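Order of listing sets the numbers, starting from 1, for every ligand and every atom in it. These numbers come from a predicted model, not from an experiment.
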Amino acid sequence: MLFPQQNENRTLLDLSGFWKFRPDPDDAGRNEAWFSEGLPEETSLIAVPGAWNEQLAESGLKNYVGCGWYETTFVSPRFDRTANRLLLRVGAADHRATVWLNGTPCGSHEGGYLPFELDLTESVHLEGASNRLVVCVDSRLTMETIPQGIDPGAAPYNGSGYDRRHLFPPTRFDFFPYGGLTRPVQLLIVPVNRIASIAVQGSLAGRVEITIGVTGSGAVGAVEINDGDRGCVARSVDLVFVDGKAVCVVDIPNPRLWSPSTPHLYAAVVRLRDSSGTVTDRYDQPFGIREVAIKGGILLLNGEPLYLAGFGKHEDFPIVGRGQFRPAYLRDFELMRWVGANSFRTSHYPYDEEVLHLADRLGFLVIDEVAAVSLGFPSDRFEDLAPLLDAHRQALTDLIERDRNHPCVVAWSPMNEPNLWSEPHYQNDASRRYFQTLFDHVRSLDTTRPTIAITMGVFSAEDVALEACDMIGINRYFGWYTEPGDLARARVSLEKEMDALHERYRRPVMITECGVDTMEGYHATTAQMFTEEYQIEFLRTYASVADHKPFCAGFHVWNFADFLTPQHYRRVVLNKKGVFTRERNPKGAAFFLREHWRSLSRIAANHRPKGQSGSLLVEDVKPSGK
Ligand code: GCB
């Protein structure tokens with residue numbers, strides 16, 4: 001789905017502001033038709049975008065999981081219904097949303113963290129009249145949503161003590177289950193015959209393939225490649241659309257490559273013209289030219305070994321929760337640059353599109369993840385996994401459609417830590433087929449980036465999730481959840497496991513999570529969990545293992561910043577594994593990493609196979625899947 005754009009053919013109106021809001025814990029709203037005459041009397045104000053939990057804590061919303069009704073009014077600009085459409089674009093509604101305009105149902109969408117569009121053309125009042133927009137957002141999750149929720153009827157599972165039903169609100173994961181309209185809600189007036197999708201793929205030689213999808217018929221298209229001040233550097237011939245699609249190839253002489261140190265962006269300017277030659281639609285799609293590949297078990301960017309140094313993150317900020325927060329986005333990039341990181345993972349869900357635009361512009365690499373965190377399978381029969389698999393595939397399709405043109409995205413992560421809860425129905429043929437189908441699905445949509453399977457330690461090298469991926473990500477907490485306080489033993493366990501994984505799969509292995517809860521201001525002279533010194537020593541241990549294994553593609557610390565969790569005896573309000581506090585103040589570990597990552601280019605050199613210099617890239621090195 002295209003990111004919204006304002007230009008001479010497209011009008012963009014932002015509906016951000018204070019809307020009316022009413023929680024609906026008894027699910028009364030639909031029966032009482034709150035959508036037809038507007039919300040009943042007693043409503044609060046709510047800021048959109050923003051999660052409802054912290055901004056309305058005093059109204060009882062802090063731990064609220066359920067339906068919340070939103071209402072706003074707007075006056076639409078005048079437009080011609082035969083030539084244009086009025087679309088509502090919601091950046092994210094966590095987790096499902098239903099929309100009415102002036103009492104008329106306009107559609108619904110399931111799946112948080114990702115945008116959707118609905119057509120309002122037929123129900124909008126024009127000529128200066130007021131329009132009432134009502135959105136019902138439901139934050140409840142089930143065993144068949146991505147992410148999954150808690151099945152309240154399920155038998156207690158493994159008696160391990162960390163029973164998910166002990167969390168409040170109950171979740172399968174330890175980040176807070178914020179609800180609401182967390183990203184912008186916008187109106188778009190676009191032509192009926194319009195550009196609907198653009199996929200750009202450039203090679204290092206400067207050959208760029210652009211695939212364009214359109215709605216409607218009769219238009220002719222053309223593409224120009226713009227290079228900032230240098231103006232147009234390549235242009236296509238006229239394109240005729242067949243079944244709403246056209247593909248063209250253009251060549252950019254002496255292309256400027258995108259990399260973290262030179263994040264150079266081009267724009268593919270796509271125009272549609274009608275039979276009289278008038279431009280009827282235009283979209284400027286930014287893209288970068290760079291190549292990600294795996295060769296001889298080594299991850300490469302533009303032919304050079306790539307070592308990912310950085311963090312797993314969360315979209316979690318005081319008060320807005322997971323709501324869009326532009327100044328904080330910039331602050332996080334500033335801090336990542338300050339600490340010397342080159343990358344992060346969108347753990348554990350797709351992040352705001354604006355974050356990825358910033359990563360493109362500022363030169364950060366991103367592992368892009370869908371919200372399939374802590375998957376649990378309901379059965380040993382593959383057929384029974386179909387509803388979950390469908391939702392999972394859909395989330396991946398939506399993510400790849402949204403993010404495929406971002407040069408910052410270096411890998412797709414289809415899940416985080418399946419089987420976290422050691423539930424039954426995992427190491428078997430059904431789950432094996434599930435993962436194979438899933439990873440094949442990603443490859444069918446994009447062959448230009450590797451897939452990464454991010455797993456935990458229970459089955460280690462035997463984990464059924466590992467067979468289908470291109471790269472292996474491991475989340476390990478030796479020295480914390482196991483071998484607490486004992487970093488010497490932690491190092492041995494980590495090395496043993498990384499070597500075993502490499503031995504068996506011969507693919508890049510990366511530490512995608514490692515970390516310890518740390519109270520800022522707590523100190524000790526000996527290894528003492530929860531102190532700032534322990535966090536430093538823990539990270540030093542993991543970094544030294546990762547940095548020296550040539551097959552290791554990187555080291556991501558868990559977590560960039562402390563984040564809010566559901567209530568549980570294992571967490572003191574926040575997950576405190578941040579290198580920065582929730583307010584973004586540095587703990588001691590931030591200074592350690594800043595010093596350590598000063599030599600990132602020397603560390604990356606350890607990851608070049610012995611005796612190799614110069615570019616490692618050859619034509620056949622695209623991720624193969626095996
Ligand atoms: C993990 C999870 C992450 C948790 C982390 C922890 O393995 O992937 O979501 O927050 O452990 O701190 O326990």
Aromatic ring proximity His348/Trp558, centre distance under 6.0 Å = yes
Is Asp499 paired with Lys549 through a side-chain N to carboxylate O contact shorter than 4.0 Å?
-> yes
Exercise: do His314 and Ser347 side chains pair donor with acceptor under 3.5 Å = no
Any side-chain donor-acceptor pair under 3.5 Å between Arg491 and Ser544?
-> yes
For ligand 1, list the protein residues that place a heavy atom within a distance below 4.0 Å of one of its atoms, sorted by chain and number.
-> Asp174, His348, Asn416, Glu417, Asn475, Tyr477, Tyr481, Glu513, Trp558, Phe563, Arg571, Asn575, Lys577
Are any of the side-chain nitrogens in Arg172 or Glu417 under 4.0 Å away from the carboxylate oxygens of its partner?
-> no
Ring centroid separation Tyr349 to Phe175 under 6.0 Å = yes
